[in-house]
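The structure under discussion appears below in the form of structure tokens.
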Amino acid sequence: QVQLVESGGGLVQTGGSLRLSCAASGFTYSPYAMGWFRQAPGKEREFVGAISWTGATTNYADSVKGRFAITRNRADNILFLQMSSLTPEDTAIYSCAADIYGLGSANDSEYEYWGQGTQVTVSS
């Protein structure tokens, strides 16, 4: 059974940094790209960034480009989201997702598996 479990969320001040992790298990097929999405209260879920199976290719939403970085450790099946220069606009529930045989789409409908999410709150 596929499971994605996020961790690392919390409360941080404006300008601070945070690193989220997503532990993946139960995958019996590969390759799969992975992505991060977020949803703020009263807003639609939005794409944050994604990484290819090999980790060679990443893509980011314009709103986080230059501030966030996605990496993955395939040996340990862990995905990371390093966030820096955080602002209150980054406050949201962050979820990781897996895109089986995909390249890391910005379209959430391309992802088959999702984690439960972790809360990130940035105070002003």
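When reading the values below, keep in mind they use all heavy atoms of this one structure, side chains included, and skip hydrogens, waters and symmetry mates.
Between the CG atom in Asn59 and the CD1 atom in Ile51 there is a gap of 10.0 Å [rounded to 0.5 Å]. Rounding to the nearest 0.5 angstrom, the gap separating the CG atom in Asn77 from the SG atom in Cys22 is 10.0 Å. Put simply, CG on Leu103 and OG1 on Thr57 are 8.0 Å apart, with the number rounded to the nearest 0.5 Å. In this structure, Tyr101 OH and Glu112 CD are separated by 10.5 Å, a value rounded to the nearest 0.5 Å.
In this structure a side-chain-to-backbone donor-acceptor pair under 3.5 Å is missing from Glu46 to Arg38. The backbone N or O of Ser52 sits less than 3.5 Å from a side-chain atom of Arg72, completing a donor-acceptor pair.
The two residues Ser105 and Phe47 come nearest to each other via the heavy atoms O-CE1, 3.5 Å. For Ala106 against Phe37, the heavy-atom pair with the smallest separation is O-CE2, 3.7 Å. For the pair Gly104 and Ala50, the tightest heavy-atom approach, listed with the atom from each and the gap, is O-CB, 3.5 Å. Thr58 approaches Tyr60 most closely through the heavy-atom pair OG1-CE1, 3.5 Å. Nearest heavy atoms, Trp53 versus Pro31: CG-CB, 3.1 Å.
Residues Leu4 and Tyr32 share a hydrophobic cluster, clusters being chains of Ile/Leu/Val/Met/Phe/Trp/Tyr side chains in contact below 4.5 Å. Val64 and Ile93 end up in different hydrophobic clusters when Ile, Leu, Val, Met, Phe, Trp and Tyr side chains are linked at under 4.5 Å.
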Side-chain polar contacts of residues 78-87 - donor-acceptor pairs under 3.5 angstrom, sequence neighbours left out - could you list them?
residue, atom, partner, partner atom, Å
Ser84, OG, Arg67, O, 2.8
Thr87, OG1, Glu89, N, 3.3
Thr87, OG1, Glu89, OE1, 3.0

Without placing hydrogens or testing angles, list every side-chain donor-acceptor pair under 3.5 Å for residues 114-124, not counting sequence neighbours.
residue, atom, partner, partner atom, Å
Trp114, NE1, Tyr111, O, 3.4
Gln116, NE2, Glu6, OE1, 3.4
Thr118, OG1, Gly9, N, 3.3
Gln119, NE2, Ala92, O, 3.4
Gln119, NE2, Thr121, OG1, 3.3

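Identified under the disulfide bond (SG atoms under 2.5 Å apart) test for residues 34-90, with sequence neighbours left out: none.
Annotation: side-chain hydrogen bond (donor to acceptor under 3.5 Å, both in side chains) contacts of Ser109 (sequence neighbours excluded): Asn107. Residues satisfying the side-chain hydrogen bond (donor to acceptor under 3.5 Å, both in side chains) criterion with Asp99, sequence neighbours excluded, are absent altogether.
Under a cutoff of 6.0 Å and an axis angle of 45°, Arg19 and Phe68 do not form a cation-pi pair.
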### Query
Hey, mind stepping through Phe27 and Tyr113 against side-chain contact (heavy atoms from CB on, under 4.5 Å) and telling me if it holds?
CA-CA 10 Å; Phe27 284 92; Tyr113 298 100; 4.2 Å; yes
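The hydrophobic cluster analysis finds Val5 isolated: no Ile, Leu, Val, Met, Phe, Trp or Tyr side chain comes under 4.5 Å of it, directly or through other members.
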